[in-house]
Peer 1: 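My structure is below; once you've seen it, I'll send some questions.
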Amino acid sequence: METKTHIAIVTVPVYSHLRSILEFAKKLINLDKNIHVTCINPIFGSPFNNVKSLFETLPSTINYIFLPSINLEDLPKDIHPALKVQATIYRSIPIIYDALNTLHSSSKLVAIVADGLITEALPLAKKLNILAYSYFPSTTMLLSLCLYSSKLDKKICSEYKELLEPLEIPGCIPINGSDLPDPMQDRSGEAYKVFLEANDRFYLADGIMINSFLELEEITIKALQQKEGEGIPSIYPIGPFIQNNVSCDNKGISDSEYFRWLDKHEEKSILYVSFGSGGTLCNDQIIELAYGLELSGQNFLWVLRPPNKFGVIDDIGSDENEEDVFQFLPNGFLERTKGKGFVVPYWAPQIEILGHSSIGGFLSHCGWNSTLESVVNGIPLIAWPLFAEQKMNAALVTDGLKVAIRPKLNEKGIVERREIDKVVNNLMVGEEGKEIRQRMEKLKGGAIDALKENGSSTRTLTQLALKWKSLGVTLEN
């Protein structure tokens with residue numbers, strides 16, 4: 001006799017979210033061979049190469065379904081990528097329900113685990129009379145804000161960005177209104193209304209799993225867990241999940257070329273500069289960053305993308321022709337920084353790079369995947385947030401964890417070259433950087449401990465898996 005435990009995971013068409021939730025799925029099935037997972041994936045268009053590679057390398061006990069592509073032709077051509085995702089989620093709900101219903105009828109589901117961006121899936125689980133969980137791929141601090149946002153909405157009348165005093169969120173460091181997520185920057189907008197409605201649905205969950213760990217956000221995690229009897233869902237810190245064995249087209253520059261260059265440099269002597277899987281800068285900011293890196297005199301490896309008004313480009317795994325990114329650099333920059341700098345177009349193997357001994361700092365957009373990858377490798381940060389909840393993450397790593405330096409913007413919202421020069425040198429060779437590095441090394445140890453066999457995150461996920469297994473279907477051998 002054996003128990004088969006079938007879990008359905010509902011994803012969203014965002015590469016960084018897919019990476020995170022699939023690492024969770026792999027960890028789950030590694031805990032017990034009788035746990036089976038089916039991933040249900042809403043999409044618009046066709047899955048790009050980097051998305052396909054995530055699924056093609058999954059273990060055999062993780063099945064996946066790409067739902068029929070959602071038609072978005074009625075939307076404006078230059079719509080923000082986040083609105084494409086939102087529309088895809090909203091229009092996919094009926095076919096997600098059909099897929100879940102079919103799965104549940106043919107192979108009894110124990111629970112649904114939905115990405116934190118698709119709380120619309122939680123009521124579907126209740127409709128099928130099965131457990132509903134949310135996988136939250138960001139910080140516990142952001143989750144606390146989400147769970148508290150409706151109360152905050154009733155309590156405060158003005159725009160959050162106009163508040164003179166930092167906001168107090170349960171269990172969190174005080175945060176400036178201007179650092180709250182993008183939907184909260186305009187309370188009259190549709191995005192704010194959607195944000196509040198989505199957050200209210202978190203209360204339908206039987207539990208929320210967070211890609212964080214006790215040693216990283218202990219005060220915030222315990223503050224939420226203490227409120228579980230007051231309507232807050234059960235909170236499960238089970239991270240850090242970061243992707244391993246990455247496979248992606250690196251636009252004509254071989255891995256060996258990256259690492260031959262890295263190997264030539266001393267330990268912790270290179271600043272890695274990257275803005276995540278799609279983040280980019282405006283043209284003026286690219287120029288200032290280039291001059292700032294040059295002025296600093298420090299070694300750097302920079303992943304460069306063309307400017308974009310939204311601060312994010314379309315999926316980098318597409319087969320569409322891409323423009324020459326080097327045209328956006330100042331004249332003579334590549335020649336002047338030869339040997340000191342290595343500029344890579346579009347994409348680089350970030351996890352492997354961060355693990356290289358020559359990397360001593362990371363200028364990052366503060367996406368949570370990138371932040372965790374930095375923590376796991378003990379790499380101190382320059383916090384340069386662009387969009388979504390990244391300013392909130394930047395506040396956490398700078399003011400809370402104190403493992404980052406955050407450059408100051410001028411009145412036009414640009415980080416000037418002299419400021420870049422200053423923060424780069426502070427991090428790489430200054431006293432402030434030494435102290436930050438020590439704190440980051442301590443967090444690295446905490447991350448390693450959390451994922452050990454008896455670590456806090458492994459114990460938490462094991463207990464949850466045992467709960468699900470107790471509800472599984474008993475099969476004859």
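When reading the values below, keep in mind they use all heavy atoms of this one structure, side chains included, and skip hydrogens, waters and symmetry mates.
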Peer 1: Find out whether Leu167 and Tyr160 are in side-chain contact, i.e. whether some heavy atom of one side chain is under 4.5 Å from a heavy atom of the other.
Peer 2: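 Leu167 reaches Tyr160 side chain to side chain.
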Peer 1: Are more than 12 heavy atoms, taken from residues, nucleotides or ligands other than Tyr90, located less than 6.0 Å from that residue's OH atom?
Peer 2: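 It does not: Tyr90 OH has 12 such atoms or fewer within range.
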Peer 1: Should Ile175 and Ile169 count as side-chain neighbours, where that means a heavy-atom distance under 4.5 Å?
Peer 2: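 In short, these two side chains touch, coming nearer than 4.5 Å.
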Peer 1: How long is the straight-line distance from CG of Asn50 back to OG of Ser277, given to the nearest 0.5 Å?
Peer 2: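 Between Ser277 OG and Asn50 CG, I get 8.0 Å after rounding to 0.5 Å.
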Peer 1: Closest heavy-atom contact between Leu464 and Met209?
Peer 2: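 Looking at all heavy atoms of both residues, the shortest contact is CD2-SD, 3.5 Å.
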Peer 1: Who pairs with Lys26 by side-chain hydrogen bond (donor to acceptor under 3.5 Å, both in side chains), at least two apart in sequence or on another chain?
Peer 2: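 For Lys26 the side-chain hydrogen bond (donor to acceptor under 3.5 Å, both in side chains) partners, ignoring immediate neighbours, are Glu23.
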Peer 1: Please assess Thr458 against Glu453 for the test side-chain hydrogen bond (donor to acceptor under 3.5 Å, both in side chains), listing each intermediate value before the final yes or no.
Peer 2: CA-CA 6 Å; Thr458 302; Glu453 186 175 349; over 6 Å; no
Peer 1: Go through Asp153 and Arg187 one step at a time and tell me if the salt bridge (charged side-chain N to carboxylate O under 4.0 Å, His left out) criterion holds.
Peer 2: CA-CA 9 Å; Asp153 179 63; Arg187 296 180 69 177; 2.8 Å; yes
Peer 1: Which atom names give the shortest non-hydrogen contact between Thr220 and Gly171, and what distance separates them?
Peer 2: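 The answer is OG1-O, 2.7 Å.
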Peer 1: What's the shortest heavy-atom distance between Gly378 and Met440, and which atoms?
Peer 2: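 The answer is C-CG, 3.4 Å.
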Peer 1: Are the side chains of Thr139 and Glu217 in contact, using a 4.5 Å heavy-atom criterion?
Peer 2: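 They are in side-chain contact.
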Peer 1: Quick one: sort the Phe362 and Tyr272 rings into parallel, tilted or perpendicular, breaks at 30° and 60°.
Peer 2: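 The arrangement is tilted - the two ring planes meet at 30° to 60°.
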Peer 1: Looking only at side chains, do Asn393 and Thr371 share a donor and an acceptor under 3.5 Å apart?
Peer 2: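 Not at all, the side chains of Asn393 and Thr371 share no donor-acceptor pair under 3.5 Å.
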Peer 1: Closest approach of Gly231 and Tyr203, non-hydrogen atoms and distance?
Peer 2: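 Reported closest heavy-atom pair: O-CD2, 3.3 Å.
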Peer 1: Partners of Phe202 by ring pair (Phe, Tyr, Trp, His ring centres under 6.0 Å), sequence neighbours excluded?
Peer 2: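 For Phe202, the residues satisfying ring pair (Phe, Tyr, Trp, His ring centres under 6.0 Å) (neighbours in sequence not counted) are Phe136.
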Peer 1: Under 3.5 Å, side chain of Arg91 to main-chain N/O of Ile70, donor-acceptor pair present?
Peer 2: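 Side chain of Arg91 to backbone of Ile70, a donor-acceptor pair under 3.5 Å: no, none is there.
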Peer 1: Going by the rule salt bridge (charged side-chain N to carboxylate O under 4.0 Å, His left out), which residues pair with Glu218 if we only count those two or more places apart in sequence or in a different chain?
Peer 2: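 Lys222.
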Peer 1: If you measure from CH2 on Trp468 to CD on Gln463, what distance do you get to the nearest 0.5 Å?
Peer 2: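 Nearest 0.5 Å value for the CH2-CD distance: 12.5 Å.
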Peer 1: Does a side-chain heavy-atom distance below 4.5 Å link Ile382 with Leu271?
Peer 2: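 In short, these two side chains touch, coming nearer than 4.5 Å.
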Peer 1: With no hydrogens and no angle check, just 3.5 Å: does a side-chain donor-acceptor pair link Ser178 and Asn176?
Peer 2: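 On atom types as modelled, these side chains do not qualify, holding no pair under 3.5 Å.
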Peer 1: Below 6.0 angstrom between ring centroids: does that apply to Tyr133 and Tyr135?
Peer 2: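 That pair fails the under 6.0 Å test.
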Peer 1: Can we say Lys444 and Asp449 salt-bridge, meaning some charged N sits less than 4.0 Å from an Asp/Glu carboxylate O?
Peer 2: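 Looking at Lys444 and Asp449, the cut-off is not met.
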Peer 1: So, are Asp284 and Lys412 salt-bridged, with charged N and O less than 4.0 Å apart?
Peer 2: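 Salt bridge between Asp284 and Lys412, a charged N being under 4.0 Å from a carboxylate O: no.
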Peer 1: Who are the salt bridge (charged side-chain N to carboxylate O under 4.0 Å, His left out) partners of Glu120, not counting sequence neighbours?
Peer 2: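 Applying salt bridge (charged side-chain N to carboxylate O under 4.0 Å, His left out) to Glu120 gives Arg201.
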Peer 1: Go through the steps to decide whether Asp200 and Ser150 satisfy the test side-chain hydrogen bond (donor to acceptor under 3.5 Å, both in side chains), and finish with yes or no.
Peer 2: CA-CA 7 Å; Asp200 286 343; Ser150 286; 2.7 Å; yes
Peer 1: With side chains defined as the heavy atoms from C-beta onward, is the minimum distance between Ile29 and Ile62 less than 4.5 Å?
Peer 2: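 Yes, their side chains come closer than 4.5 Å.
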Peer 1: Give, for atom CD of Gln243 and atom CG of Leu22, the distance between the pair rounded to the nearest 0.5 Å.
Peer 2: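 Rounded to the nearest 0.5 Å, the CD-CG separation comes to 8.5 Å.
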Peer 1: Can you tell whether the side chains of Asp179 and Arg406 come within less than 4.0 Å, N to carboxylate O?
Peer 2: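 Judged by the 4.0 Å cut-off on N to carboxylate O distance, Asp179 and Arg406 do form a salt bridge.
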Peer 1: Evaluate side-chain hydrogen bond (donor to acceptor under 3.5 Å, both in side chains) for Asn41 paired with Thr11, printing each intermediate quantity in order.
Peer 2: CA-CA 5 Å; Asn41 307 288; Thr11 74; 2.7 Å; yes
Peer 1: Tell me whether Lys27 at atom NZ has more than 12 heavy atoms from other residues, nucleotides or ligands lying less than 6.0 Å away.
Peer 2: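 Yes, enclosed.
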Peer 1: Partners of Lys193 by salt bridge (charged side-chain N to carboxylate O under 4.0 Å, His left out), sequence neighbours excluded?
Peer 2: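 Lys193 satisfies salt bridge (charged side-chain N to carboxylate O under 4.0 Å, His left out) with no other residue.
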Peer 1: Taking all non-hydrogen atoms of both residues, which atom of Val303 and which atom of Tyr346 are closest, and how far apart?
Peer 2: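 Heavy-atom minimum between the residues: CG1-O, 3.5 Å.
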Peer 1: For the residue pair Ser20 / Asn211, report whether a side-chain donor-acceptor contact shorter than 3.5 Å exists.
Peer 2: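 On atom types as modelled, these side chains qualify, holding a pair under 3.5 Å.
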Peer 1: Does a side-chain heavy-atom distance below 4.5 Å link Asn101 with Leu103?
Peer 2: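 Of all side-chain heavy-atom pairs linking Leu103 with Asn101, none is under 4.5 Å.
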Peer 1: So Leu281 and Leu386, do their side chains get closer than 4.5 Å, heavy atoms only?
Peer 2: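 A side-chain contact exists here, since the closest heavy-atom pair is under 4.5 Å.
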Peer 1: Test side-chain contact (heavy atoms from CB on, under 4.5 Å) on Leu180 and Leu145 and set out the steps.
Peer 2: CA-CA 9 Å; Leu180 295 176; Leu145 172 68; 4.0 Å; yes
Peer 1: Dump the intermediate steps for side-chain contact (heavy atoms from CB on, under 4.5 Å) on Val415 and Leu289, then the final yes or no.
Peer 2: CA-CA 8 Å; Val415 184; Leu289 179 52; over 6 Å; no
Peer 1: Give the intermediate values and the outcome of side-chain contact (heavy atoms from CB on, under 4.5 Å) for residues Ile235 and Ile210.
Peer 2: CA-CA 7 Å; Ile235 304 298; Ile210 314 166; 3.3 Å; yes
Peer 1: I need the single residue from Asp98, Val10, Ile93 that forms a side-chain contact (heavy atoms from CB on, under 4.5 Å) with Leu124. Which is it?
Peer 2: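 So, applying the side-chain contact (heavy atoms from CB on, under 4.5 Å) to Leu124 and each of Asp98, Val10, Ile93, only Ile93 qualifies.
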Peer 1: For Arg459, which residues count as a salt bridge (charged side-chain N to carboxylate O under 4.0 Å, His left out) partner, sequence neighbours excluded?
Peer 2: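 Once residues adjacent in sequence are excluded, Arg459 has no partner under the salt bridge (charged side-chain N to carboxylate O under 4.0 Å, His left out) criterion.
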Peer 1: Answer yes if the side chains of Asn199 and Tyr148 hold a donor-acceptor pair under 3.5 Å, and no otherwise.
Peer 2: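 No.
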Peer 1: If I take atom CE from residue Met184 and atom OG from residue Ser149, how far apart are they, to the nearest 0.5 angstrom?
Peer 2: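 With rounding to 0.5 Å, CE (Met184) is 6.0 Å from OG (Ser149).
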Peer 1: Is the ring pair Phe66/Phe55 parallel, tilted or perpendicular, if the boundaries are 30 and 60 degrees?
Peer 2: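 Aromatic pair Phe66/Phe55 classed perpendicular.
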Peer 1: Would His6 and Thr38 count as a side-chain hydrogen bond (donor to acceptor under 3.5 Å, both in side chains) if you check the C-alpha gap in whole Å, the side-chain angles of each, and the deciding distance to 0.1 Å?
Peer 2: CA-CA 8 Å; His6 194 184; Thr38 299; 2.8 Å; yes
Peer 1: Around Glu73, counting heavy atoms of other residues, nucleotides and ligands shown, do more than 12 lie under 6.0 Å from its CD?
Peer 2: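 It does not: Glu73 CD has 12 such atoms or fewer within range.
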Peer 1: Does the side chain of Pro170 come within less than 4.5 Å of Leu147's, by heavy atoms?
Peer 2: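 Not touching, per the 4.5 Å side-chain cut-off.
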Peer 1: Within the supplied structure, the quantity of interest is the number of heavy atoms (other residues, nucleotides, ligands) at a distance under 6.0 Å from Asn410 CG; does it exceed 12?
Peer 2: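 Correct, the count exceeds 12.
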Peer 1: Between Pro306 and Ile286, what is the shortest heavy-atom contact and its length?
Peer 2: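 Looking at all heavy atoms of both residues, the shortest contact is C-CD1, 4.5 Å.
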Peer 1: For atom CD1 of Ile219, decide whether the heavy atoms of other residues, nucleotides or ligands shown that lie under 6.0 angstrom number more than 12.
Peer 2: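 No, because the 6.0 Å sphere around CD1 of Ile219 holds 12 heavy atoms or fewer from other groups.
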Peer 1: How long is the straight-line distance from OG1 of Thr102 back to CD1 of Ile65, given to the nearest 0.5 Å?
Peer 2: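 One finds 8.5 Å between CD1 of Ile65 and OG1 of Thr102.
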Peer 1: Supply the atom-to-atom distance Leu372 CG to Ser212 OG, rounded to the nearest 0.5 angstrom.
Peer 2: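 Result: 7.0 Å between the selected atoms.
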